[in-house]
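Below: one structure, written as structure tokens.
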Protein chains: 2
Amino acid sequence: MRILVVEDDPRIAADIVATLGAAGYVVETVGDGEEAWFRGDTEDYDLIVLDLGLPKMDGLSVLKRWRAAGRMTLVLVLTARGAWAERVEGIDAGADDYLPKPFRMEELLARVRALIRRSAGLGTSVIEAGPLSLDARQMRVTRNGVPVTLSPLEYRLLAYLMHHKGRVVSPPELLEHLYGDDDAHEANALEAVMARLRKKLGQDSIATRRGFGYAVAQGTE
Amino acid sequence: MRILVVEDDPRIAADIVATLGAAGYVVETVGDGEEAWFRGDTEDYDLIVLDLGLPKMDGLSVLKRWRAAGRMTLVLVLTARGAWAERVEGIDAGADDYLPKPFRMEELLARVRALIRRSAGLGTSVIEAGPLSLDARQMRVTRNGVPVTLSPLEYRLLAYLMHHKGRVVSPPELLEHLYGDDDAHEANALEAVMARLRKKLGQDSIATRRGFGYAVAQGTE
DNA sequence: TGATCCATGTCAGCGATCTGTCAGCTTTGC
DNA sequence: GCAAAGCTGACAGATCGCTGACATGGATCA
């Protein structure tokens with residue numbers, strides 16, 4: 001889980017980084033609105049903590065630009081205590097939750113957890129792609145209705161590809177999501193898992209795009 | 001099954017804890033609204049018993065905040081006798097049931113059972129899964145119609161899995177719901193209970209999904 | 001009070017499975 | 001045709017989960 005913290009007060013930023021870091025999240029920080037907008041638009045975060053009062057471009061504008069660009073990353077907005085109008089505006093602009101300042105760090109952590117949990121519980125738990133079907137609830141995979149037994153790693157790999165079906169996913173991206181990027185893995189490890197997965201699912205289930213990565217066909221939609 | 005009791009009168013709280021505890025639930029208590037909100041938002045309970053008159057933050061506000069945050073935990077609200085308006089407000093705020101004070105403990109227990117049963121999508125207190133049948137009211141389990149005697153812990157483990165049949169339940173989740181999260185147990189404790197349970201129910205009654213957790217097959221629905 | 005029983009946690013050892021690595025092979029793109 | 005990218009099967013260490021034996025501690029009953 002990767003989180004971007006947008007906060008211009010360095011003391012508060014450091015506090016937040018410490019708290020979220022201790023809770024096991026990978027945290028990055030930026031201190032002004034322009035940089036925030038750029039990072040949020042180009043990088044892939046699971047959640048963004050966004051202060052509204054920022055240099056260069058205010059938080060609400062940043063949020064609106066993200067949403068206008070179709071970025072649906074979860075956003076937790078930090079508002080000044082009692083600034084009711086700001087809060088309403090924030091929600092209109094597409095914030096997923098807000099937290100009035102000042103706040104206790106525990107409270108922030110609770111909100112972050114709740115948001116991530118909530119977002120994970122959305123939609124159906126079944127993803128279909130061609131002959132493949134993946135049920136996240138039962139953690140079960142079938143091919144043409146026939147159950148297939150996968151190891152945990154194989155399952156996670158397939159789940160990630162199917163969550164992003166129709167898109168080519170690069171090896172670095174896969175490695176990061178399977179292992180967390182602390183790496184120390186031969187590139188070959190991924191290929192080995194792929195091989196085992198294909199043997200179970202059929203060779204044509206996952207396509208290789210030489211030089212780019214892997215993809216599961218769109219199939220049913 | 002893990003229940004949070006939010007009640008500021010220590011005598012009543014103790015009574016409720018005793019009653020629910022005797023019925024086999026894992027019970028935790030808090031005495032004020034802020035703590036209640038925090039716990040309900042961060043921890044994962046199967047049901048929350050919520051008194052409305054609380055220090056620091058009143059029950060209704062707590063409930064509204066949970067719902068606003070997307071927490072769908074079952075909530076049983078305790079209202080003052082005849083406070084009809086409160087009752088309506090409670091239901092508006094997202095309570096699943098209410099109980100006017102004062103009440104007899106049996107009545108509370110019945111409501112709690114009914115709510116939990118209902119949430120499992122069942123009309124009766126009996127859950128079926130394949131050859132297994134679990135009667136929550138009598139705390140009785142049969143396999144192919146033959147009664148099986150279970151220890152309290154074994155029963156709670158099976159009950160939780162059957163309430164969530166068809167889903168893979170992870171060891172941490174099971175530990176949390178069996179023990180409440182306070183004390184540290186060796187991971188092995190759970191495995192030991194599983195082994196004893198399987199010996200009584202038959203090896204295939206509960207499936208292990210290596211690396212993920214345990215599951216009871218969907219079976220009859 | 002003491003003896004006994006039962007429930008449950010802990011431990012150690014065992015299989016089985018998983019998964020990273022390697023070496024050699026095949027395919028692809030130029 | 002060549003080099004790089006990707007695939008594959010074999011292997012071995014690591015990990016996971018299961019089991020039986022034992023220890024503990026609380027409840028029950030004499």
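A, B, ... follow the sequence lines: proteins, then strands. Residue 1 opens every chain.
- Between Q203(B) and dG17(D) there is no side-chain polar atom (N or O) within less than 4.0 angstrom of OP1 or OP2.
- Checking the phosphate oxygens (OP1, OP2) of dC18(D), a side-chain nitrogen or oxygen of T208(B) falls inside 4.0 Å.
- Remark: E28(B) CD to R39(B) CZ distance equals 5.0 Å, nearest 0.5 Å.
- We find the CG-CG distance between L63(B) and D58(B) to be 10.0 Å, quoted to the nearest 0.5 Å.
- Of the candidates dG9(C), dT21(C), dA4(D), dA4(D) carries the atom nearest the R210(A) side chain, counting heavy atoms from C-beta on.
- OP1 or OP2 of dT19(D) has not a single side-chain nitrogen or oxygen of K199(B) nearer than 4.0 Å.
- On a pure distance criterion of 3.5 Å, no polar donor-acceptor pair joins the side chain of R196(B) and the base of dG20(D).
- V112(B) has its side chain within reach of Y25(B): a pair of non-hydrogen atoms, C-beta onward, lies under 4.5 Å apart.
- With rounding to whole Å, E191(A) atom CD is found 14 Å from dG9(D) atom P.
- Note on R198(A): only backbone sugar-phosphate atoms sit closer than 4.0 angstrom, heavy atoms only; bases stay farther off.
- With no hydrogens or angles considered, a side-chain donor-acceptor pair links T208(B) and R198(B) at under 3.5 Å.
- Rounding to whole angstrom units, CE of residue M194(B) and C1' of dT19(D) are separated by 13 Å.
- Checking dG20(C), dA4(D), dA23(C) against the side-chain heavy atoms of A189(A) singles out dG20(C) as nearest.
- Here dG9(C) presents its C1' atom at 13 Å from CD of E154(B), a figure rounded to the nearest Å.
- To the nearest angstrom, P of dT10(C) lies 11 Å from CG of L175(B).
- Between the NZ atom of K200(A) and the C1' atom of dT8(D) there is a distance of 16 Å, rounded to whole Å.
- Rounded to an integer number of Å, the gap from CZ of F212(A) to P of dT28(C) is 16 Å.
- OP1 or OP2 of dT8(C) has not a single side-chain nitrogen or oxygen of Y179(B) nearer than 4.0 Å.
- The CG-P distance, from N188(A) to dG9(D), rounds to 13 Å in whole Å.
- Distance CG (L197(A)) to C1' (dC7(D)): 14 Å, rounded to an integer number of Å.
- Closest to the S151(B) side chain, of the nucleotides dT19(D), dC18(C), dA7(C), is dA7(C).
- Side-chain N/O atoms of Y214(A) include none lying less than 4.0 angstrom from OP1 or OP2 on dA5(D).
- Judged by distance alone, the side chains of R209(A) and S170(A) never bring a donor and an acceptor atom under 3.5 Å apart.
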